[in-house]
Every structure is written in structure tokens, then in C-alpha cells.
> 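Pasting a structure below so you can have a look.
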Amino acid sequence: MNYISMALTALAGSLETVVDVPWLQGLRERLSTATSGPDLHAAFEQSPHGSLLADAQSLQILATNAALRRVVGLSKRELKTLRLPQLLDHNEDAKTLIGRLRAPDPHTPLRTRIRAPGGQLINTELSGYQIEVGQRRVVAYTTHDVTSRNLIEAQLLENQGRLDHLAHHDQLTALPNRLFLAAHLPGAIEEARLSGQMLAILFLDLDRFKHINDSFGHETGDELLKSVALRIRSTMRSEDLVVRMGGDEFIVLLKAATNINQVNEAAERIIQALASPVVIKTRSIVTTVSIGVSLYPRDGADMGELLRHSDTAMYQAKGRGRNNCQVFNPAMGRRLRERTAIESHLRTALKASQLDVYYQPIIDIESNRVVALESLVRWKHPEYGFVPPARFIGIAEESGLIVPIGEFVLECVLNNVRSWLDAGCAMVPIAVNVSAIQLQRYNFADLISKMTRAKGLKPNVLQIELTESVIFETREGRNGESNKDSVSDLRDLGMDISIDDFGTGYSSLSYLKSWSFDYLKVDRTFVRDLGTDMSDLAIVGAITAMARHLNIPVIAEGIEGWQQLEKVRELGCALAQGHLFAKATPAHKCRPFLTGGPLDLTNRDRRADALESTGITEIEISELLQVGRR
């Protein structure tokens, strides 16, 4: 047996212990069937991946197979005259490269480029394994062309970068958004602490913007917001941060402020910049701004406290006639009183049975069939009517009331399902929204299991909807399980899991890859203007295409018109939900939806549904809370 045969025999024996190195498994299988020297040579020669043997000390090439020779365009004899580094194009210094080639790690392939005929360089991974042949050490290398994989990885990184940008920037004004602020404000606070300088938070709210929106339409309102964003940005230094928080609210982060006069001057520049009329489609519109200021370290030591106090100061500016700036002081308690009042009324609502659960169908776009119902909590105040969920859900989460509210919703949904089944109704799944607090506070899967068993139901009658903030929450639950484990437990019960409001949170490819989801819901803010806004069209198109490649059906929320429906159909959304199909409906009116049959949309008065009142007005809220606002 010659030296090469001895090396191949030693390699075959060494590979018997390899269980977790995929590139070696194919070669191992070939060599393991060989029983003689010629068989070993044949197995090595016929390997589909380019392979070679080299002396571990000199890195002189000892043997190559046909696949490698085809790649480099050299004969067996020519290759034997070369050392392994001569085949490679590398950026690191020769000493480092030779060290890595002589002591290969089978678990960590070496990424490099291999020289091909005509000077072409091929992106390659060299996977190596060292063996002992008598007193001599030999390295065996297999090459993998990773050109296509590198291209795919580059595309994924580019897509991730685009999604990250979309997630951290407002699509209307192109300013950084709330998520961007949350990521950067703690660092700015730490910089101010270390430098001993002042940090100012300016909370801006446009005056009577709702009136402008209602009078001239959302399109005009959007154009006004874009103009306002440009004017605010133009008054600030390059190192200052301007953020659109949402709606008509903006935050200015004034760094390295030397004194309060500098802060007041910055606020005055903003007020003056917005004083000039904005011309939109020949219409001259004047808007003013109320500004509240909090200062680090005087008014707070963390992001939440500073934002809360600047918000409180802004409402003080509203109360003093608008179009002015107020700096926070401890006497400003109106915002806190409002929150306390809503929380108090909400506690009463829980005890006085003012809460109810309504249901809205989720529709298969092609067939118009109902595939599920989403359960939605509703608060009907005995005097003022329905309180919009946006007014109380956030406070419920902050105060912990979301837990009893969530239990109420679950109990109500399961009671309704039991009643429908007892009445002989067919049944589609019911989607239930779950907050981070619910998922963390106890074993949620165990709760679902117990509650459904008590009603004689199977857990898969429910679907679970999680927002991206719930998915990204990393705190441990009470039983020591992470949220990912908690979601896995829910899936083990047979329930489908949806990502709700996708696009408004982190929108990261990483959790789509590592977590299993059954549906992805595109937030209504991207659906509303699909017919007129090319940015929204591009965003929904990108999300839908990504989800399609991951085999995740997409649900488009907030469908209120035929044009929106046609657009999401063209983009590939499978499912939809909104007033065009049906408004949120009390349980006793849901029986037509339960069979999963198609809805008749031929005589649908979509305008009447789309414009139907959402309940309690802003003025009524002020009366309810006895707090003067705006």
C-alpha cells in the first residue's frame, strides 16, 4: 500500500467518529465502503466535492480528486508541484493563513477564494481535518463553492437592513420613530451622565390637528405633517435628534444643552418655524405647536420618567392657550390625573359588567369565506357609550388590569363558543389577543388547558395573536420559562399563533426564522392608503413576498374599501379583515359567521360601515374624566 492509500485508510478510520460535520459525512460514507487501496483511491477520486490531501508541515499538495482539478483547471501533476496556499487568494497575511491551514478545525470552515482558469476567483469554504499517518501528519481538505450562498446571505442582509430601517423610521416623514428613540435615548442619557451636561426632551404636539384632518382630509393632514417635520428638523443642530412619535406628536432630543435659556431658544425657533402658513394644493394652512420640556438630570433619571414629564408639561402648554412652551415642574399633574381617572373608571367597569366581547370575521379573500373570528374587548360606559380601546388598553397594561381583562375575555369567548356549539352551530376558530403580561405572569398554556377542559372544549378552538413586543420580550416568566417556551407550549396544545400588527414593531427576520408562526397580520396603518401611497404599497408587497417564501399566510387588517381589497389581493395576501366585510359584532349576532360560509358583499354599504362612529368622543372623554384637554 503506497503513502496516499495509507493516508486515505487513516482518514477513513478517523472519520468513523465524525457525527456533526456535514461536509465530511459524504466522504466518510464513500471511504467506509472501500476495502482495498484501489477502492480507496476510486472513492476519493469520485467524490462530488473537490478534495485534496496535503502534508501538514509543508502544505505540499499530495493528492487531488477530479472535482478539484475541474475547478482549478490544472492537471494532477501540476497540482503536485504546488503548495496549498498557492491555490488560494486571501486577504490575511501568509503566516496566519498557513497556521490555519496546518491546524484545521473541522467545525469552523475557512472562507477564502480559490483560483480558477482565466484568473477567476471562486468564493469557497475549505473544510479540513488532520490525520496521523505513521510519524507524519496529513491534512485533508474539501472545497465547497459558496458563491450562491454568499449572494443569498447578502440579499438577506440587505432585506434585513431595509426592514430595520422601516421598523425604526416613520414612513410618512422619514424621521426616526418611537422604536428608534427607545433604542437611542438611554445611551444619550448615559452620555449626559458621564459628561455632566444637561439633556433636554422637547415633547411637541400640533394644536387642533384633528380639526385640520377632519376638515380637509387625511391626505392634507399627511402633507402638513411632512412639512412640519422638515421645518422642525431645519431648526435643530445636526447632533440633535428629531423623532415622530406618531400622529401629530414629535420629540426633539436636545443634546449637550448648557442652560435652560438654550432650551427655550430651541423651542422658540420651532414655534417660529411653524408660524408661517403651509400651502397644500393652493390651500394655506396655519398650525401651531405646544411644547413640553423635561431636563436630565433634574426631571428624571430614565427614559420613561423624562418622556412622561415632558408629556405632562406639553399638556400644561395646551392648557395655557397653546402655541407656547412649558418646562416641567412637579406641580404639573394633569396627565397623571387623567391616567388615574381612566384606571379608576376601568376598575369600576370590570366590577359593573361594562365590558363585553365583540367578534370580527377574518375572510379568505378568494372565496369570501369566514376562516376565523377575532375577539375584541369593548367598554361601554353607561353614560357616554363606547370608550375606544386605544384609550384604555395601554393603561390596562401599565396598571396590570390587562390580566383580569384578559381572563374576562377568555372566559367570555369560551362561554360563547360553548353556547354556539350547544345550539348546534358550526364553529370556526376564535382569535384571542394576548399581552406580554398575560404570557409572563403565569403558565398561560396551562390556564388555557384548564379553562377549555372545564367547558368541554378543545384548546384548538382558539387562535392566539401576539404583537411583536410580546415576541421580543426577554424577561423570564414566573415558572422560569421564556416567552418562546410559552408560545411553544401553546402550539403543543394545537393552537395556531399569529403575529399581530406586523410592521409597527421590530419586524426582524430572525424571529420569523427561529419561531414557528401560522399567520402574519399586516397592520392597518399600512393598508389604509394602499391605493394612493406607493410607500405603503411597497411595504405591504415586501412583507407579503417575504411571508410567502416562508409559507406564512398574510392577513391584511383594516380593509374598508374595494380598492384596498383589490390591492392586497394583487400583492398576494391570502386573508383579510375589516369593515368592508363586517364590523365588530356582539356574540348573539355572530351565528351567520360560524359556519365558515362565504359572505355576500354584493350589496355591501362599505361607506356606512367605514364611517360608523367608534363611540365616545374626545369631548366626552374630557367630561368623563373632568380633565380639560386640548
Side-chain angles (χ1 to χ4, degrees), residues 1-28 30-32 34 36-117 121-146:
M1 182 183 295
N2 62 28
Y3 181 73
I4 300 303
S5 296
M6 291 172 61
L8 292 174
T9 301
L11 179 62
S14 300
L15 294 183
E16 289 299 321
T17 61
V18 175
V19 294
D20 60 346
V21 187
W23 72 268
L24 289 171
Q25 292 173 1
L27 184 58
R28 178 186 63 186
R30 287 180 174 273
L31 295 178
S32 64
S36 65
D39 291 339
L40 288 167
H41 279 275
F44 179 73
E45 181 72 16
Q46 294 168 14
S47 175
H49 298 293
S51 300
L52 62 85
L53 297 177
D55 182 86
Q57 182 59 35
S58 66
L59 294 178
Q60 187 72 36
I61 295 175
L62 304 174
T64 57
N65 69 352
L68 180 67
R69 295 194 292 273
R70 284 194 299 271
V71 171
V72 300
L74 297 174
S75 68
K76 185 184 300 186
R77 177 176 297 177
E78 289 171 320
L79 283 167
K80 284 187 175 182
T81 66
L82 300 178
R83 295 171 66 246
L84 179 53
Q86 294 175 276
L87 286 181
L88 309 178
D89 174 77
H90 56 88
N91 295 321
E92 57 188 328
D93 63 85
K95 184 178 181 180
T96 302
L97 174 68
I98 290 172
R100 296 182 65 187
L101 291 172
R102 284 173 175 164
D105 180 358
H107 302 280
T108 308
L110 172 63
R111 287 203 173 191
T112 183
R113 294 190 296 179
I114 197 167
R115 296 183 183 277
L121 295 170
I122 301 172
N123 291 313
T124 303
E125 275 189 356
L126 285 181
S127 300
Y129 195 81
Q130 190 170 174
I131 55 177
E132 299 288 340
V133 183
Q135 299 299 315
R136 194 173 178 185
R137 285 184 298 116
V138 175
V139 288
Y141 271 102
T142 295
T143 65
H144 298 269
D145 186 339
V146 293

> Are side-chain heavy atoms of I122 and T143 found at a separation under 4.5 Å?
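I122 vs T143: side chains apart.
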
> In Å, rounded to the nearest 0.5 Å, how long is the span from CG of L52 to CG of L59?
10.0 Å

> My understanding is that only residues two or more places apart in sequence, or in another chain, count here; which of them pass side-chain hydrogen bond (donor to acceptor under 3.5 Å, both in side chains) with T64?
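Residues passing side-chain hydrogen bond (donor to acceptor under 3.5 Å, both in side chains) with T64: R69.
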
> Can you name the residues that form a side-chain hydrogen bond (donor to acceptor under 3.5 Å, both in side chains) with Q86, not counting sequence neighbours?
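Here no residue qualifies.
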
> By side-chain contact (heavy atoms from CB on, under 4.5 Å), which residues pair with V72, not counting sequence neighbours?
L68, L74, L79, L87, I114

> For L82, does its backbone N or O pair with a side-chain atom of Q60 as donor and acceptor, under 3.5 Å?
yes

> So how far is it from I61 CD1 to D55 CG, rounded to the nearest 0.5 Å?
11.5 Å

> Using side-chain contact (heavy atoms from CB on, under 4.5 Å), reason through L88 and L101 one step at a time and then give a plain yes or no.
CA-CA 11 Å; L88 309 178; L101 291 172; 4.2 Å; yes

> Do any N or O atoms from the side chain of R83 and from the backbone of S58 form a donor-acceptor pair under 3.5 angstrom?
yes

> CG of N65 to CG of L53: how many Å apart, nearest 0.5 Å?
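If we round to the nearest 0.5 Å, N65:CG and L53:CG are 9.5 Å apart.
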
